[in-house]
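Just the heavy atoms: all of them, side chains too, but no hydrogens, waters or symmetry mates, feed the values below. Read the numbers this way: they start at 1 and go in the same order the structure lists the ligands and their atoms.
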Amino acid sequence: MSEDVMVRAERVHKSFGLVPVLKGVDLTVRTGEVFCIVGPSGSGKSTFLRCINHLEKINAGRLWVDGRLVGYRQKGAKLYEMKEREVAAQRRDIGMVFQRFNLFPHMTAAENVMEAPVQVKGVRRAEARERAQALLARVGLGDRAEAYPSQLSGGQQQRVAIARALAMEPKLMLFDEPTSALDPELVGDVLDVMRRLAEDGMTMIVVTHEMGFAREAGDSLVFMDGGVVVESGNPREVLGNPRHERTRAFLSKVL
Ligand code: ADP
Ligand code: MG
């Protein structure tokens with residue numbers, strides 16, 4: 001697989017019990033791009049992100065991150081399920097930011113950001129704290145390092161969550177409707193942080209209803225409906241001139 005591909009999905013299927021949710025997702029995310037996923041509620045967007053990050057297991061098809069199959073080792077024509085340690089190593093390279101920030105409430109912003117590097121990577125606390133401070137500054141919260149989540153706004157908490165994900169130095173960031181739970185006036189700061197991250201070259205998959213962000217910051221966009229990719233392309237083209245009726249119907253509701 002070529003080096004400039006970060007994620008490739010081929011005919012990815014996922015069911016919960018007998019209910020199919022992903023019905024053959026095909027897509028390619030190039031290294032360094034902002035890849036937006038839009039679509040109605042229930043179309044499988046979160047499930048797809050969760051499959052990339054080992055939170056769900058696909059039932060059929062193939063999924064690669066950075067040239068390696070997700071969850072499987074390939075030897076010749078045979079596939080072997082990865083051991084837990086290999087799965088953990090693969091997950092370490094992927095940062096995820098959820099709609100709900102899920103910070104540890106009993107830890108300060110800095111402690112939240114330090115936690116994984118210290119616990120998972122064995123980074124010394126002093127060094128982790130210094131790095132946490134720098135990451136918090138990067139998301140515009142350099143002066144709130146000692147604040148607890150309850151003392152921060154939703155937008156600030158979400159920016160701490162982004163810093164926390166970045167602390168593991170991921171090569172891929174997944175965002176699942178990161179601004180959907182925020183009051184409207186707090187959305188802009190979070191999107192600004194994501195734009196800067198994109199400018200710095202981070203590969204990002206962003207599930208969002210923020211069409212302005214998708215249009216301006218997105219390099220590619222797919223419209224998902226009913227567990228498949230219905231339409232894909234340049235965000236400005238897909239959003240400005242959707243080809244499929246389902247895409248048009250969806251966009252007429254959200255734009
Ligand atoms: P989206 O993020 O596009 O709104 P989801 O991926 O969350 O869609 O969900 C797609 C469908 O899968 C929904 O019908 C949802 O109810 C179902 N689903 C998601 N997770 C589970 C689960 N763990 N068990 C059963 N059904 C699920
Ligand atoms: Mg979702």
Taking the side chain as everything from C-beta on, heavy atoms only, tell me whether Glu216 gets closer than 4.5 Å to Arg195. yes

Is the shortest side-chain heavy-atom distance between Tyr72 and Met82 below 4.5 Å? no

Any chance the rings of Phe250 and Phe223 have centres within less than 6.0 Å? yes

Minimum side-chain heavy-atom gap Ile52-Leu63 below 4.5 Å: yes

Out of Val34, Ile94, Leu166, which one pairs with Met173 under the side-chain contact (heavy atoms from CB on, under 4.5 Å) rule? Leu166

For ligand 1, what N or O to protein N or O distances fall under 3.5 Å?
unit_1   : atom_1 : unit_2 : atom_2 : d
ligand 1 : 2 (O)  : Ser46  : N      : 2.9
ligand 1 : 2 (O)  : Ser46  : OG     : 2.8
ligand 1 : 3 (O)  : Ser43  : N      : 3.2
ligand 1 : 3 (O)  : Ser43  : OG     : 3.4
ligand 1 : 3 (O)  : Gly44  : N      : 3.0
ligand 1 : 3 (O)  : Lys45  : N      : 2.9
ligand 1 : 3 (O)  : Lys45  : NZ     : 2.8
ligand 1 : 4 (O)  : Gly42  : N      : 2.7
ligand 1 : 6 (O)  : Thr47  : N      : 2.9
ligand 1 : 6 (O)  : Thr47  : OG1    : 2.5
ligand 1 : 8 (O)  : Gly44  : N      : 3.2

Is Asn112 reaching over with its side chain to a backbone N or O of Leu103, donor-acceptor style, under 3.5 angstrom? no

So which protein N/O/S atoms does the Mg ion (ligand 2) have within less than 2.8 Å? Ser46 OG

For a quick check under 3.5 Å, do Asp176 and Ser46 share a side-chain donor-acceptor pair by atom type? yes

Would you say the side chains of Glu231 and Thr247 form a donor-acceptor pair under 3.5 Å? yes

Please report the interatomic distance CG(Leu55) to CG(Leu49), rounded to the nearest 0.5 Å. 9.5 Å

